[in-house]
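Here the structure comes first, spelled out in structure tokens, and everything after it is commentary.
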Amino acid sequence: MSKTLPRRTLIKAVLLGGAALPLAKHLVQDAEAAPMVDPNDAVAKSLAYHADTTKVKAAEFATHKPTQKCANCIQFQGKAADKQGACNLFPGKDVAGAGWCKVWAQKPGT
Ligand code: SF4
């Protein structure tokens, strides 16, 4: 015994799906499109944000270690393997996963 959907139900599903697709695509693009923090921005400078932790000068930041990076910082909102992600200190912007700033703190479990 085969069960078929009524034509009206099928047409509604197609129309709703068609309307939802551009919205979903827009949301995904927004999630990916956060601008990167500019290291020359005033807040970034005050925190000594570097987009690449390997470029931090040991002479200037004695407590810095090369293993410290945004991706393993407690303020980083992305996953450990993400190349960029949100930081609680820079609302609406992304920091580099390989970045660093002077308030870095180890994320538990990383
Ligand atoms: Fe990177 Fe952490 Fe500094 Fe944010 S607080 S910029 S995640 S080191």
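Note that ligands are numbered from 1 as they come in the structure, with each ligand's atoms numbered from 1 the same way.
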| said: Within a 6.0 Å radius of atom NZ on K107, are there more than 12 heavy atoms belonging to other residues, nucleotides or ligands? | reply: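 Above 12, so yes.
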| task | Please round to the nearest 0.5 Å and tell me the distance separating atom CG of D52 and atom SG of C70. | result | 10.5 Å
| note | Output for pair (N40 CG, K45 NZ), nearest 0.5 Å, gives 5.0 Å
| request: Count, excluding waters, the protein N, O or S atoms that are closer to atom 3 (Fe) of ligand 1 than 2.8 Å. | output: 1
| message | For M36 versus K93, what's the shortest heavy-atom pair and its separation? | response | O-CD, 4.0 Å
| request: If a pair satisfies side chain to side chain donor-acceptor pair (under 3.5 Å) and one of its residues is in residues 57-69, list it, with sequence neighbours excluded. | output: T53-H64, Q68-W100
| message | Looking at Q75, is its backbone amide N or carbonyl O close enough to the side chain of Q77 to form a donor-acceptor pair, meaning the two atoms are under 3.5 Å apart? | response |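 Judged by distance alone, yes, a pair lies under 3.5 Å.
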